[in-house]
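The structure displayed is predicted, hence computed values, not measured ones.
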Amino acid sequence: QVQLVESGGGLVQAGGSLRLSCAASGRTFSTNTMVWFRQAPGKEREFVAGKSWAGGRTYYADTVKGRFTISRDNAKNTVYLQMNSLKPEDTAVYFCAATQNAAILLYTYQYRSWGQGTQVTVSS
């Protein structure tokens, strides 16, 4: 089992920036791909961004493309989400997830390892 712990959430004004972190521990060999999802109140959890260890591939949801950047520090088993030009509609709880699969999977049921989430609130 791999443990994931997110941090870095908070309250920010529209147009501002935040950087989220997700540290993995335990069976970190099962973190070939690490991703970020988010869940706004009353909505389903949705894919935001993902990064695959193999080949360094990245993939972003259209809603965040050009504003968010996912990166990882392999030595620290940590994945980051740099969020710029934040909008009120980015307000959500952000979760990281991991899979041993080399592909960047887009659905929640495809991940067994999840963090507890970190709240991001963007005020207008």
Apply side-chain contact (heavy atoms from CB on, under 4.5 Å) to the pair I70 and Y59, showing each step before the final yes or no. CA-CA 9 Å; I70 188 170; Y59 187 77; over 6 Å; no
Can [Y] be reached from [X] by stepping across I, L, V, M, F, W or Y side chains whose heavy atoms are under 4.5 Å apart?
X	Y	value
W114	V2	no
F95	V48	no
Y107	V93	yes
V64	V12	yes

Can you tell me if NZ on K43 sees more than 12 non-hydrogen neighbours from other groups inside 6.0 Å?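 It does not: K43 NZ has 12 such atoms or fewer within range.
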Interatomic distance, [X] atom [atom1] to [Y] atom [atom2] [nearest 0.5 angstrom]:
X	Y	atom1	atom2	value
F68	S85	CZ	OG	9.0 Å
Q82	S21	CD	OG	9.5 Å
T121	Q13	OG1	CD	13.0 Å
K51	Y60	NZ	OH	7.0 Å
T78	L20	OG1	CG	12.5 Å
M83	W36	CE	CH2	8.0 Å

If you measure only the distance, is there a donor-acceptor pair under 3.5 Å linking the side chains of Y94 and R38?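 Judged by distance alone, the side chains do pair up.
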State, to 0.1 Å, how close [X] and [Y] come at their nearest heavy-atom pair, and which atoms those are.
X	Y	result
Y111	I104	OH-C, 4.1 Å
C22	L4	SG-CB, 3.9 Å
N32	Q100	ND2-O, 2.6 Å
A40	A92	N-CB, 3.8 Å
A49	L81	CB-CD1, 4.0 Å
S124	A14	CA-CB, 4.4 Å

Indicate, with yes or no, if the rings of F37 and F47 have centres closer together than 6.0 Å.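 F37 vs F47: aromatic centres under 6.0 Å.
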Inspect the contact between K87 and D90 and indicate whether a charged nitrogen and a carboxylate oxygen are less than 4.0 angstrom apart.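 Salt bridge absent between D90 and K87.
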With distance as the sole test, does [X] use its side chain to make a donor-acceptor pair with the main-chain N or O of [Y] at under 3.5 Å?
X	Y	result
T91	V122	yes
E6	Q116	yes
T33	N101	yes
R57	A102	yes

Evaluate Y80 against D73 for side-chain contact (heavy atoms from CB on, under 4.5 Å), listing each step before the verdict. CA-CA 8 Å; Y80 303 96; D73 183 332; 3.9 Å; yes
